[in-house]
A.B. asks: 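Below you will find the structure I want to go over with you.
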Amino acid sequence: MVDEFGRPSYCHLGVNSKTYHSVTTRYFLVGSNPAETKYRVLKIDRTEPKDLVVIDDKHVYTQQEVRELLGRLDLGNRTKMGQKGSSGLSRAVSAFGIVGFVRFLEGYYIVLITKRRKMADIGGHAIYKIEDTNMIYIPNDSVRVSHPDEARYLRIFQNVDLSSNFYFSYSYDLSHSLQYNLTVLRMPLEILKTETSQTRQESFDIFEDEGLSAQGGSGVFGICSKPYKKYVWNAKLLEAVESAVHRDWLLYIIHGFCGQSKLLIYGRPIYVTLIARRSSKFAGTRFLKRGANCEGDVANEVETEQILYDASVMSFSAGSYSSYVQVRGSVPLYWSQDISTMMPKPPITLDQADPYAHVAALHFDQMLQRFGSPIIILNLVKEREKRKHERILSEELVAAVTYLNQFLPPEHTIIYIPWDMAKYTKSKLCNVLDRLNVIAESVVKKTGFFVNRPDSYCSILRPDEKWNELGGCVVSTGRLQTGVLRTNCVDCLDRTNTAQFMVGKCALAYQLYSLGLIDKPNLQFDTDAVRLFEELYEDHGDTLSLQYGGSQLVHRVKTYRKIAPWTQHSKDIMQTLSRYYSNAFSDADRQDSINLFLGVFKPAEGKPHLWELPTDFYLHHKNTLSLSQTRQSYTYWWTTGVLKHLPLPFDEVTCAENRRKLTVKKFHKYEEEIDIHNEFFRPYELSSFDETFCLAMTNSTRDFMPKNVGIDPSPFTVRKPDETGKSVLGNKNNREETVLQRKTAASAPPPPSEEAVSSSSEDDSGTDKEDEGAVSQRSTPVKVTDTGDNTKITENVVQATKDVYGVNLSDVPSEDDLSIYARFVQLGQSQHKQDKGSQQFCSKHPLDKVINLIPISSFSQDNIYEVQPPRADRKSIEIFHAHIQAGRGNMQPLGRDDFLMYREYIRNRYM
C-alpha cells in the first residue's frame with residue numbers, strides 16, 4: 001500500500017468549514033480543516049461588474065495567524081480609526097463548501113453550501129447530502145450593471161433544487177467507483193516517488209512541501225485523482241476558478257441517490273451502501289430526453305454501486321471491502337417521443353438512420369473504457385405487440401449490437417439478453433423473479449465483483465460450485481469486477497429497478513460469502529438481510545423515478561412477486577396520474593433549469609434567451625452546429641489501447657495516460673489530513689450518542705428482526721409475515737404520504753424451497769412500517785384483550801418448536817434413540833464420580849450436584865476440564881504491569897522515543 005491509512009485522496013483543508021467575510025471592495029472566504037488548526041484564505045474582488053477575479057495566496061495559516069489577518073482587515077477597513085461600531089469587515093455567512101460560480105447577464109454569483117446532513121460513511125470517509133444553499137451576488141452595488149432578464153434567469157437556475165439528492169464528500173471521490181479508488185492506492189511505490197518529484201517541480205504552491213525536508217523518511221504518500229466529469233454536476237460552475245485556486249477549495253458534487261443501512265450479524269456490523277450517480281451528460285426529464293446524443297451519452301444514465309464492508313475495521317488497507325456496479329440508461333439510438341399529442345404513451349419515432357451504429361459505438365466505447373468486458377445488455381422492452389411500439393427499439397438495438405460485435409474479438413463481444421418482462425408479468429404460470437434470478441446468476445458469474453482481500457479460508461473449507469465458476473479477474477489482493485450489466489426498458493424506471501434489485505441481491509450473496517459471513521452464496525426472500533436491501537433499492541428507485549419521471553415507482557418488487565396488497569393498486573393509479581401531469585405540464589420548465597445549471601445553455605447579449613428557443617436539440621447535439629474534423633472508423637470503433645487491456649477497464653490500468661490524471665503528494669505520517677481516527681471520532685468536539693450517524697441509521701436488528709422471544713437472531717433466517725420487526729408496530733397508511741423516501745420492506749410467507757421462490761403467495765402483513773420516532777422499536781409484541789373496564793396484557797412468548805428450531809420434535813423417541821441415550825448415561829457414570837458429602841456442603845442450588853462434574857484422572861492434563869494459561873513474553877508482562885501501576889497513579893518515566901513522538905505531534909498540530 002502506498003498510503004498506510006488507505007486514503008484515496010488528499011487532505012480537505014479549506015472545504016470542511018467556511019466563513020464568508022465582506023468589505024466594500026472584497027469578499028474574504030476563510031476555510032479550515034475539521035479541527036480548525038489549519039486555514040486557507042480566498043479573496044474575491046467585488047469591483048469588477050462582469051469579470052470574476054479570485055486570488056488564492058496558497059498559504060496555510062494557523063488559527064492565530066488567521067485571527068491576526070482578520071483583525072488587521074477589520075482595523076484597516078473602519079471608516080474612522082478606533083470606532084468598532086463602524087467596522088468595515090462583517091461576517092456574511094458560514095458554509096460547508098463551494099458549489100461554484102455562475103454568471104447570467106450581469107455579474108457573478110457564488111453558490112455556498114450552508115446546511116448538510118451525513119448520509120453514509122465509507123471507511124471513515126463521510127458522505128453528505130446538501131440540505132440548503134445560499135447564492136450571493138459578488139459585485140458591489142456601486143458597480144452593478146442591471147439587466148431586465150437577470151431575475152428570470154436567476155429563478156430558472158434556482159429551480160434546480162440543490163437540497164434534493166445532491167451529495168458530496170471532502171475526502172472520498174464519489175464520481176469513481178470503490179474499485180477505481182482502491183486500485184489507485186495499489187500503485188507501486190516507485191511510480192509514486194517519480195510522480196511526486198514531477199509534481200513538486202510543476203507545483204504552483206511554494207508552501208506545499210513546507211517542513212517535509214526536516215522530517216526524514218517518516219512520510220507517506222497521498223493520491224488525488226481527477227474526478228470523472230460525466231457524473232459531476234457542478235463541473236461547469238467550477239470551471240472559472242479550477243485552475244486559479246488550490247485543489248482543496250474544489251468540491252465536486254454528484255446527483256442521484258445515497259443510502260446506507262447496518263446489517264448486524266450476531267453483533268458484527270456490516271454496512272450496506274447504495275450509491276447512484278446520475279450522468280450530467282444529456283440529462284433531462286422523461287419525454288424530453290430520450291435515446292442518445294451525438295457523443296454517445298444516453299438519457300437517464302445512472303451508475304448504481306452497492307458497497308459492502310465490515311465496519312469494525314474502517315481502514316481501506318486493513319478492512320474488508322466489496323462492491324458491485326451496474327448501469328441503467330436509455331436505448332443508445334436516435335429516437336424520441338412526441339408529447340404534443342397528449343397521449344399517455346406517445347408513439348416512438350426513430351429520428352435518424354444510423355446504419356453503421358455510430359452513436360451506439362460511441363456509447364459502448366465509453367463503457368469499455370470504464371468497465372472493461374464483457375458488456376452485458378439486459379433489454380426488458382416488449383417483444384410482442386399488436387401495434388409496433390416498444391419493439392421498434394428492440395429491432396434497432398439488435399441490429400446495432402450485431403454490427404458492432406463483428407469487429408470485436410469473440411471473447412470480448414457485447415452480450416445481448418432480450419427478455420419481455422411485461423409478458424411474463426401478465427402470465428399466471430410464470431414466475432418473473434425466478435427467471436430474473438437465473439439471469440442474475442449468469443450475469444454475476446460473467447462479470448464477477450470487487451473485493452479487496454484474497455478468498456477467505458472458509459471458502460476452501462466449504463467449497464461451493466458456484467464460487468468456482470465466478471468470473472471477473474482474480475489478483476493477489478482480491479478480485480476485480482470486469483465488465484458490467486447494462487439494463488434498460490423504455491423509461492428505465494419500474495422494470496429496470498426490479499431487475500437491478502434481483503441482480504444486486506445475487507451479487508450481495510456473493511459479497512457476503514467472500515467476506516466469510518455466510519456458508520453459501522445464496523440469499524432467500526423474507527429474510528432480514530433481503531428486506532433491508534429491498535428497502536434500500538425501493539428508496540433508490542423512488543428517488544431516481546422522481547428525478548426523471550416526476551413520480552415514484554409505479555410497480556415495485558412486491559408487485560412482481562404478486563404479494564402486493566389490494567390498496568397498492570389505487571396508489572399505483574395515483575402515481576401514474578402524477579407522472580402524467582408532471583410530464584405534460586412541468587417537465588419543460590425543469591428541462592430549462594437543468595440546461596442552465598449544467599452550462600448546456602449560456603446566456604449572452606445578442607443571443608436568443610433560453611425561454612425563446614423552440615427546442616434544445618441543438619444544444620445537446622453539437623454536430624448540428626459545427627462539422628467535426630475527425631471521423632470515427634466504421635470498423636475500429638473503439639478507442640486506441642482499449643482492446644489491449646481487456647477484460648480490465650482501460651481507466652484502471654497503470655499507464656502514462658492514466659498517471660497524468662493523478663496528483664501525488666507526500667505527507668508526514670502524523671499529519672491530521674491522513675489521520676482517519678481524528679476525522680471519524682472527532683475528539684476535539686463534543687458529540688452526543690443521539691446524533692451519532694452510525695447509531696441512527698437503519699439497523700437490521702432494530703428495524704427488521706422480530707421482537708418475539710426465542711426467534712433466531714440471524715438476519716439470514718426466513719421470517720413469516722407476522723414475525724417482521726416492521727409489521728408489529730401498526731399500520732402506516734396514514735403516515736405513508738409524508739414519508740416519501742422510507743418504504744416498506746418486502747413481507748411474504750417463506751418460499752417452498754431454497755431454489756424456487758414462489759411469487760403467488762399472499763401478503764398478510766399489508767404495508768406495515770413504523771414512522772421514525774413514533775413508537776419504540778424495542779418494545780415486545782403484546783396481545784391486548786379488553787374485558788370490561790380492565791385491560792389484560794399478556795406476552796406472546798409461547799411458540800411452536802417448528803418456529804424456534806426449524807424442525808418438529810417427535811412425541812416419543814424411538815427405541816434406537818433410547819438405547820443410545822442409555823449407553824451415553826452409563827458411559828458418563830463410569831467416567832465421573834461424585835463426592836456427595838462435599839456436594840451437599842458447598843451446594844447452594846439443587847442442580848449443583850447434577851452438573852458439577854469432577855475428573856477422576858490422576859493426570860492433570862489428561863482431561864477436558866483443565867487448560868494451561870497462555871504464556872506471555874517478558875515485554876508483554878512489563879507492559880501489563882506498567883498499565884496497572886498507571887491506574888494506581890504511579891507513572892513510568894518517558895523514554896527518548898516517547899519525547900520525539902510527542903514533539904512531532906505538537907509540531908504538526910499547533911506549529
Side-chain angles (χ1 to χ4, degrees), residues 9 12 14-20 29 31-34 42 92-102 109-122 125-136 154-176 227-239 241-242 248-260 273-280 283 302-305 539-540 542-544 546-548 590 593-594 596-599 679 691 693 696-697 739-742:
S9 66
H12 43 262
V15 295
N16 193 276
S17 178
K18 286 185 175 66
T19 54
Y20 206 61
L29 196 57
S32 72
N33 62 346
L42 203 65
V93 68
S94 295
F96 295 103
I98 302 174
V99 176
F101 298 84
V102 63
Y109 297 83
I110 182 172
V111 186
L112 298 173
I113 302 170
T114 55
K115 191 182 293 185
R116 67 184 183 184
R117 180 160 61 97
K118 189 174 181 179
M119 296 298 296
D121 187 278
I122 302 177
H125 301 265
I127 299 174
Y128 297 97
K129 176 180 179 290
I130 299 176
E131 290 287 297
D132 198 9
T133 56
N134 191 4
M135 283 187 71
I136 299 175
L154 183 61
R155 285 196 302 270
I156 294 174
F157 182 87
Q158 292 177 333
N159 278 341
V160 175
D161 187 6
L162 283 170
S163 64
S164 175
N165 308 116
F166 284 88
Y167 305 91
F168 69 93
S169 176
Y170 298 115
S171 55
Y172 183 80
D173 189 353
L174 285 173
S175 66
H176 285 292
Y228 194 63
K229 294 295 182 68
K230 184 175 186 177
Y231 297 114
V232 175
W233 276 63
N234 63 334
K236 292 290 184 182
L237 302 179
L238 292 174
E239 265 188 357
V241 297
E242 199 167 15
D248 293 329
W249 291 105
L250 304 176
L251 192 64
Y252 298 100
I253 64 174
I254 66 167
H255 185 39
F257 173 80
C258 180
Q260 188 173 62
T273 311
L274 205 61
I275 299 176
R277 310 173 184 91
R278 180 174 292 279
S279 173
S280 61
V302 182
E303 178 182 300
T304 300
E305 179 180 21
D539 290 349
H540 161 268
D542 281 340
T543 303
L544 298 181
L546 279 167
Q547 293 167 7
Y548 183 66
R590 289 174 57 208
S593 302
I594 293 173
L596 187 62
F597 184 87
L598 293 175
E679 180 184 342
E691 299 174 356
F693 172 74
M697 73 167 70
V739 186
L740 286 179
Q741 293 190 355
R742 309 304 300 165

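Numbers here simply count residues along the sequence, with the first being 1.
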A.B. asks: Partners of Lys118 by side chain to side chain donor-acceptor pair (under 3.5 Å), sequence neighbours excluded?
C.D. replies: Asp121
A.B. asks: Step by step, work out the side chain to side chain donor-acceptor pair (under 3.5 Å) result for His125 and Ser171.
C.D. replies: CA-CA 6 Å; His125 301 265; Ser171 55; 2.9 Å; yes
A.B. asks: List in chain and number order the residues that pass side chain to side chain donor-acceptor pair (under 3.5 Å) with Ser280, two or more places apart in sequence or in another chain; answer none if no residue qualifies.
C.D. replies: none
A.B. asks: Which residues satisfy the side chain to side chain donor-acceptor pair (under 3.5 Å) test with Ser279, sequence neighbours excluded?
C.D. replies: none
A.B. asks: Not counting sequence neighbours, which residues clear salt bridge (Lys or Arg N to Asp or Glu O under 4.0 Å) with Glu242? List them please.
C.D. replies: Lys229
A.B. asks: Say whether, by atom type as modelled, one donor and one acceptor occur between the side chain of Asn234 and the main chain of Val99 under 3.5 angstrom.
C.D. replies: yes
A.B. asks: Restricting to side-chain contact (heavy atoms from CB on, under 4.5 Å), what partner residues turn up for Ala120, sequence neighbours left out?
C.D. replies: Ile127, Cys258, Gln260, Thr273
A.B. asks: Hey, which of Ile110, Leu162, Leu154 is the one that makes side chain to side chain contact (heavy atoms under 4.5 Å, CB included) with Met135?
C.D. replies: Leu154
A.B. asks: Output all residues satisfying side-chain contact (heavy atoms from CB on, under 4.5 Å) with Ser164, sequence neighbours left out; order by chain, then residue number.
C.D. replies: Asp161
A.B. asks: Could you list the residues that satisfy side chain to side chain donor-acceptor pair (under 3.5 Å) with His255, not counting sequence neighbours?
C.D. replies: none
A.B. asks: Not counting sequence neighbours, which residues clear side-chain contact (heavy atoms from CB on, under 4.5 Å) with Asn159? List them please.
C.D. replies: Ser593
A.B. asks: For Ala276 and Ile254, work out which heavy atoms get closest and say how close.
C.D. replies: O-CD1, 4.4 Å
A.B. asks: Glu303 pairs by salt bridge (Lys or Arg N to Asp or Glu O under 4.0 Å) with which of Arg278, Arg277, Lys230?
C.D. replies: Arg277
A.B. asks: Main chain of Ser163, side chain of Lys129: is a donor-acceptor contact present, judged purely on distance under 3.5 Å?
C.D. replies: yes
A.B. asks: Check this for me: does any side-chain nitrogen of one of Glu131 and Arg117 sit under 4.0 Å from a carboxylate oxygen of the other?
C.D. replies: yes
A.B. asks: Using the test ring-ring contact (aromatic ring centres under 6.0 Å, His included), find all partners of Phe157 that sit at least two apart in sequence or belong to another chain.
C.D. replies: Phe104, Phe597
A.B. asks: Can you label the angle between the Phe168 ring and the Tyr170 ring as parallel, tilted or perpendicular, going by 30° and 60°?
C.D. replies: perpendicular
